[in-house]
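What follows is a single structure, written as structure tokens, with notes after it.
Positions are given from 1 along the sequence. Everything numeric here is computed off the predicted structure, so don't read it as measured data.
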Amino acid sequence: MEEFIRSRVPWSTEPSLKTKTDEVGIGFDVFIEGLKNNRTDAEMAAEFGVTEKLIAHLRDHFMRFGVGSIMGQD
């Protein structure tokens, strides 16, 4: 007997990290470079003139979803 297998849709309603950094005025490439160089949230927040909480949110997005999410709907 076959098991019902739920399909995994290749899209998300979550905007990409690039979209999020653009919205808050942070350079995407510079942000990624900061992650690559293991800069702290406090260091990046000071550089970009934003809160540590915002950097933590962007870092969390990167860790959960990666660089991009595919947006769409059926």
Side-chain angles (χ1 to χ4, degrees):
M1 181 173 248
E2 288 185 43
E3 286 185 40
F4 175 73
I5 300 174
R6 272 182 209 219
S7 66
R8 303 260 194 264
V9 293
W11 52 267
S12 165
T13 58
E14 188 71 31
S16 71
L17 185 59
K18 173 126 177 53
T19 300
K20 287 187 169 203
T21 56
D22 287 347
E23 285 178 353
V24 295
I26 292 175
F28 174 76
D29 293 330
V30 179
F31 179 76
I32 294 298
E33 191 69 23
L35 296 177
K36 176 183 160 192
N37 293 326
N38 293 322
R39 296 189 64 209
T40 66
D41 293 349
E43 290 171 327
M44 290 199 294
E47 177 182 352
F48 298 125
V50 297
T51 65
E52 288 183 48
K53 185 176 179 178
L54 174 62
I55 298 297
H57 171 75
L58 294 172
R59 183 186 300 272
D60 180 64
H61 178 93
F62 175 76
M63 298 304 284
R64 291 171 141 211
F65 304 107
V67 173
S69 300
I70 301 170
M71 293 180 63
Q73 65 185 27
D74 286 337

Atom of G66, atom of L17 and distance for their closest heavy-atom approach: O-CB, 4.2 Å
Please report the shortest heavy-atom distance between E52 and A45, naming the atom on each side. N-CB, 3.7 Å
Okay, side chain of N37, backbone of E33: is any donor-acceptor separation there less than 3.5 Å? yes
Would you find a donor on one side and an acceptor on the other, under 3.5 Å apart, between the side chain of T19 and the backbone of P15? no
Distance (rounded to the nearest 0.5 Å) between [X] [atom1] and [Y] [atom2]:
| X | Y | atom1 | atom2 | result |
| --- | --- | --- | --- | --- |
| R59 | D41 | CZ | CG | 4.5 Å |
| K18 | D29 | NZ | CG | 7.0 Å |
| F31 | F62 | CZ | CZ | 8.5 Å |
| R39 | E47 | CZ | CD | 4.5 Å |
| K20 | L54 | NZ | CG | 9.5 Å |
| M44 | L58 | CE | CG | 8.0 Å |

Can you name the one residue among I26, I32, V30 that meets side-chain contact (heavy atoms from CB on, under 4.5 Å) with T21? I26
